Amino acid sequence: MKTDLLSMEMGELEDFCRGLGEPKFRAGQIFRWMHLGTAFAEMSDLSRPLRETLSEKAVLLYPEIAEKYVSQKDGTVKYLWRLHDGQNVESVFMRYHHGNTICISTQAGCRMGCAFCASTLGGKVRDLLPAEMLGQVIMAQRDMGERISGVVLMGIGEPLDNYDNVIRFLHLVNHPKGLNIGYRHISLSTCGLVDGIDRLAEENLPITLSISLHAPTDALRSQIMPINQKWNIAQLLGAAVRYFEKTGRRISFEYTLIAGKNDTKEGAAALVSAMKTYVGRKMPIHINLIPVNPIAERDFHSSNTENIRRFAEYLEKNGMTATTRRTLGPDINASCGQLRNRENQKSINQGA
Ligand code: SAH
């Protein structure tokens, strides 16, 4: 088994170099190169014997670009990556006025079972290694030739279900000798793993936490998000308040608008009521409204613009802030999970 070098934090890399009889500063050189997506053979300030030793003992788990789609509308770029064992995951590169942001995957598949989500249809195959999460950012930046200054963990997978690898990834992507992406430019989205939220609050990382709420009552939430049967809305919002009190970081709630299910006036009123009951004045409430992106396998339809506007207006009137997510890359299937499914479907049809 070769050592997965790209998943190592600096201290571990120093130990690894020491084990090879190399001085400590080699770790810094190797770290810099790896985080630029460089192969061992091209690490030009290392001796040839050292480069050869590295290739024998270690491996760099950069994902390979399997497919790439560029939106003709807004320049959004979608990558389908192939990992070392043939698994596929997706990332989306987005241009915003404040810089380039990438949305990355944290697992190959997902076991959370949200009814509206394409990523969970085939279940979870495996967790991604820190190197494979970092590799998505490194290789997209290298391919685009433009700096990436923000990361959102909103691709395939549930980040808090791959907790240790995700925390390690966050340390690595923030490292000043590597990509140096500020924690304040990183968002982590969860479907509501309360134990993970409480753990994350203790990590002292000033990232932004997003919570996928999507329904205002336990009856509806349990129906569309199975995790709600383990931790209900009261428990989830309780964890959100604890997180805010511990970290001082505002939380953003995601609310996917599904026509006739959760986008009604009653839905908005129930949402306000849940927030009043379980959050009250303990923290500011921001709701990010996302028109549902219908997937072929499920019969969900997006709210119309008028309903979305009214929903947002109702929340604003009741003391919350609400934004409606702009849809990027609508022409390239930019919502996560769709390409991976198509690839998996292909290999099933080919009997692979
Ligand atoms: N597992 C994490 C992060 C991945 S999903 C989570 O659940 O938060 C990122 C966001 O996209 C979540 O809010 C998720 O609920 C939402 N999402 C999933 N499928 C969607 C769809 N078809 N339309 C709109 N939003 C969707």
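Given the structure is predicted, the values throughout are model-derived calculations rather than measurements. In each ligand, atom 1 is the first atom listed, and ligand 1 is the first ligand listed.
- Close approach of ligand 1 to Glu254 is summarised as follows: ligand atoms under 4.0 Å from at least one heavy atom of the residue are 10 (C), 12 (C), 13 (O).
- The distance from ligand 1 to the heavy atoms of Cys117 drops below 4.0 Å at these ligand atoms: 18 (C), 19 (N).
- Between Gly192 and ligand 1 there is no heavy-atom distance shorter than 4.0 Å.
- The two residues Tyr314 and Asn318 make their nearest non-hydrogen contact at O-ND2, 2.8 Å.
- Close approach of ligand 1 to Gly157 is summarised as follows: ligand atoms under 4.0 Å from at least one heavy atom of the residue are 1 (N), 2 (C), 3 (C), 4 (C).
- Classification of Arg111 and Asp127 as a salt-bridged pair fails, no side-chain N sitting under 4.0 Å from a carboxylate O.
- A ring pair (Phe, Tyr, Trp, His ring centres under 6.0 Å) with His175 is found for exactly one of Tyr183, Phe169, Phe31, namely Phe31.
- A salt bridge is defined here as a Lys NZ or Arg NE, NH1 or NH2 lying under 4.0 Å from an Asp or Glu carboxylate O, and Asp15 with Arg18 meets this definition.
- The pair Arg310-Glu313 does not count as a salt bridge, with every side-chain nitrogen at least 4.0 angstrom from each carboxylate oxygen.
- For Lys68, the NZ atom counts as densely surrounded, since its 6.0 Å shell holds more than 12 non-hydrogen atoms of other residues, nucleotides or ligands.
- Only the side chain of His214 comes within 4.0 Å of ligand 1, judged by heavy-atom distances.
- Checked by atom type, the side-chain pair Arg250/Thr208 shows no donor-acceptor distance below 3.5 Å.
- When heavy-atom distances to ligand 1 are checked against a 4.0 Å cut-off, Thr256 comes that close only through its side chain, counted from C-beta outward.
- Where the criterion is an N or O separation shorter than 3.5 Å, residue side chain and backbone included, Ala118 fails it with respect to ligand 1.
- Using a 4.0 Å cut-off between heavy atoms, Thr190 contacts ligand 1 through its backbone alone, with no side-chain atom that close.
- Using a cut-off of 4.0 Å between Lys/Arg side-chain N and Asp/Glu carboxylate O, Glu158 and Lys124 are scored as not salt-bridged.
- Geometrically, ligand 1 and Val292 share no nitrogen or oxygen pair separated by less than 3.5 Å.
- Listed by atom number, the atoms of ligand 1 under 4.0 Å from Cys191 heavy atoms are 6 (C), 7 (O), 8 (O).
- Here the shortest heavy-atom distance to atom 9 (C) of ligand 1, taken over Arg325, Met154, Glu158, belongs to Met154.
- Close contacts of ligand 1 with Gly155, meaning ligand atoms under 4.0 Å from a residue heavy atom, involve 4 (C).
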